[in-house]
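Single-structure report; data block below.
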Amino acid sequence: MILKVFFYAIVLYLLVIVYCHLKYPELRWNWENISTDKILFPSTFIWGTATAAHQVEGNCVNNWSEFEKGSKDDGQPNIKDNQQSGIACDHWNRYPEDIKLIKELGVSHYRFSVEWSKIQPAQDTFNQDALDHYSRMIDVLLENDITPVLTLHHFTHPLWFDKLGAFEKEENISIFISFCEKVFHEYSHKVEYWCTINEPAVVATQGYFSGMFPPGKKDSQLSAEVLKNLLDAHVQVYHSLKKMENGPKIKIGLVKNINQFEPWRRWHILDWIMSKAVNHFFNSSTIDYLRTGIFKIRIPGLAWIYHENPNAVHSMDYFGLNYYSHNHLKFQLSLKEPFSMEFRDEDIMTDMPYTIYGEGLYRAIQSVSALDVPIMITENGIADAEDSRRELYIKRYLYAVSKAIKDGYDVIGYFYWSLMDNFEWAFGYDMKFGLFSVDFETQERSLRDGSKAYICIVKNEN
Ligand code: GCO
């Protein structure tokens, strides 16, 4: 009898593993046999580059600048080596010369974010100088035939909003909506593309699960609630801006980072369960919410939430997809850290803790195509201080985009992250994502060799 049960258990285990293995393959292309030298794109394809206010402007006083001064429970600084964003790339003052750099790339679009704490330094005060600043910057972009793509929330918010509990509290969403309406009122006659919130799942998981981002909390249920509130905030911003003057003709999207979580050992059921649970939290809960209007996270012992918002369906004119890489998770017996991240020897690392995986961008496009709206790649790029892998990265990932278009996916544009080296959040200035390197002593910018691959593809000279 025992033998029989044991036998059936083994068969069942094998069946489940084979099913998972076939249903969720880890796509791998044979790059040896693929030519990435001549990649073609439709003539209407949008080419751009991206930054975010806190990472480039300098002198921001917000939830991040506060966090940069602090340390974790174990005494480690919140930011690597206690770095602080400070004056960053001084983009606030140097934007005219930076726009010349954008021109040099040959791209037609620039994605940037406005800094909420500068525009609304107190709950009852809008700073006209800050509003005029962005207005001028938009004008200079337009004079240079660069189309502005404006992000309303890119990780940062004012300290007064933080003190109110930020997106931990559903009732604070309306405060964010008023800010968005103000900004939309100012610029909607000259900005055609808008991004509501950048990477809600990153804000929620890094801020409230891993504690790597402000407010540095580790509370998985709260993390799920913050994600729900951020997504609801996106939906409400979308519908309220759409009702405003210029709303109907403006394109508004949510920006979401897709990062696939894969089992390290494809025969190990616990690695599968781990990776499925993290994928569910980080990726599919958001996509399902936007598709069905139902937000649910059901991970026993971790987070349990069910919420309906029918307005989430049709709450975007395009989907902003940020994609960098995937991660392999290996189960480990520890409540504190139930998995570790592993890397295969044959994979090429970036300077960030992830590998070069161009196939993943193709897979990400496939998965978000379920939403049935045009897809804009709002971020993709490599941290590569030595500049030894940038060209390879650009060619592989853009090959994946061109293949997706050839296969019928509606990808309308691509923004390289980032225009120039900048403050890479918890990693400080160590990560060099820039097409242009920045000497932070002199603020001098120089084009990296590896970036020329991007220029060639943009100009169709590859
Ligand atoms: C994010 C942000 C960017 C990052 C970039 C590189 O994904 O964290 O949108 O601000 O700098 O992704 O990590």
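Nothing fancy with the numbering, it's 1 onward along the sequence. Counting convention: from 1, in listed order, for ligands and their atoms alike.
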Practice item. Give the residue, atom name and distance (to 0.1 Å) of the protein heavy atom nearest atom 1 (C) of ligand 1. Key: Glu199 OE1, 3.1 Å
Practice item. If the plane angle is over 60° it's perpendicular, under 30° parallel, otherwise tilted; pick one for Trp160 and Trp116. Key: perpendicular
Exercise for review: For salt bridge (Lys or Arg N to Asp or Glu O under 4.0 Å), just list the numbers for Arg363 and Glu262, CA-CA rounded to whole Å, side-chain angles, deciding distance to a tenth of an Å, and then say yes or no.
Suggested key: CA-CA 13 Å; Arg363 283 171 67 188; Glu262 328 252 24; 2.7 Å; yes
Practice item. Assign the ring pair Phe41 / Phe45 to parallel, tilted or perpendicular, where the plane angle (0 to 90°) is split at 30° and 60°. Key: tilted
Check your understanding: Looking only at protein heavy atoms, which one is nearest to atom 9 (O) of ligand 1, and how far off is it?
Key -> Glu379 OE2, 2.7 Å
Practice item. Without swapping roles, check the side chain of Glu168 against the backbone of Leu222 for a donor-acceptor pair under 3.5 Å. Key: no
Exercise for review: Assess Lys118 against Tyr134: is NZ or CZ under 6.0 Å from the centre of the six-membered ring, and within 45 degrees of the ring's axis?
Suggested key: no
Review point. What atoms of ligand 1 come closer than 4.0 angstrom to any heavy atom of Phe433?
Key: 6 (C), 13 (O)
Check your understanding: Quick one: do the Glu379 and Asn257 side chains pair a donor with an acceptor below 3.5 Å?
Key -> no
Practice item. Could you tell me if any non-hydrogen atom of His154 lies under 4.0 Å from any atom of ligand 1? Key: yes
Review point. Does the side chain of Asn422 come under 3.5 Å of the side chain of His91 through a donor N or O and an acceptor N or O?
Key: no
Practice item. Return the residue, atom name and 0.1 Å-rounded distance of the protein heavy atom closest to atom 13 (O) of ligand 1. Key: Glu424 OE2, 2.7 Å
Review point. For ligand 1, which atoms sit closer than 4.0 Å to a heavy atom of Trp417?
Key: 3 (C), 4 (C), 5 (C), 6 (C), 10 (O), 11 (O)
Check your understanding: To the nearest 0.1 Å, how far is atom 10 (O) of ligand 1 from its closest protein heavy atom, and which atom is that?
Key -> Gln55 OE1, 2.7 Å
**Study point:** Tyr110 and its side chain to side chain donor-acceptor pair (under 3.5 Å) partner, picked from Asn144, Thr51, Asp98, Thr49
**Key:** Thr51
Review point. For ligand 1, which atoms sit closer than 4.0 Å to a heavy atom of Phe155?
Key: 1 (C), 2 (C), 8 (O)
Exercise for review: Considering heavy atoms of the protein only, find what lies nearest to atom 5 (C) of ligand 1 and give residue, atom and distance to 0.1 Å.
Suggested key: Tyr324 OH, 3.2 Å
Exercise for review: Considering the heavy atoms of Asn198, write down every atom of ligand 1 situated less than 4.0 Å from one of them.
Suggested key: 2 (C), 9 (O)
Check your understanding: Which bit of Asn422 gets closer than 4.0 Å to ligand 1, counting heavy atoms only: side chain, backbone, both or neither?
Key -> neither
Practice item. Take every heavy atom of Val202, measure it against each atom of ligand 1, and state whether any distance is under 4.0 Å. Key: no
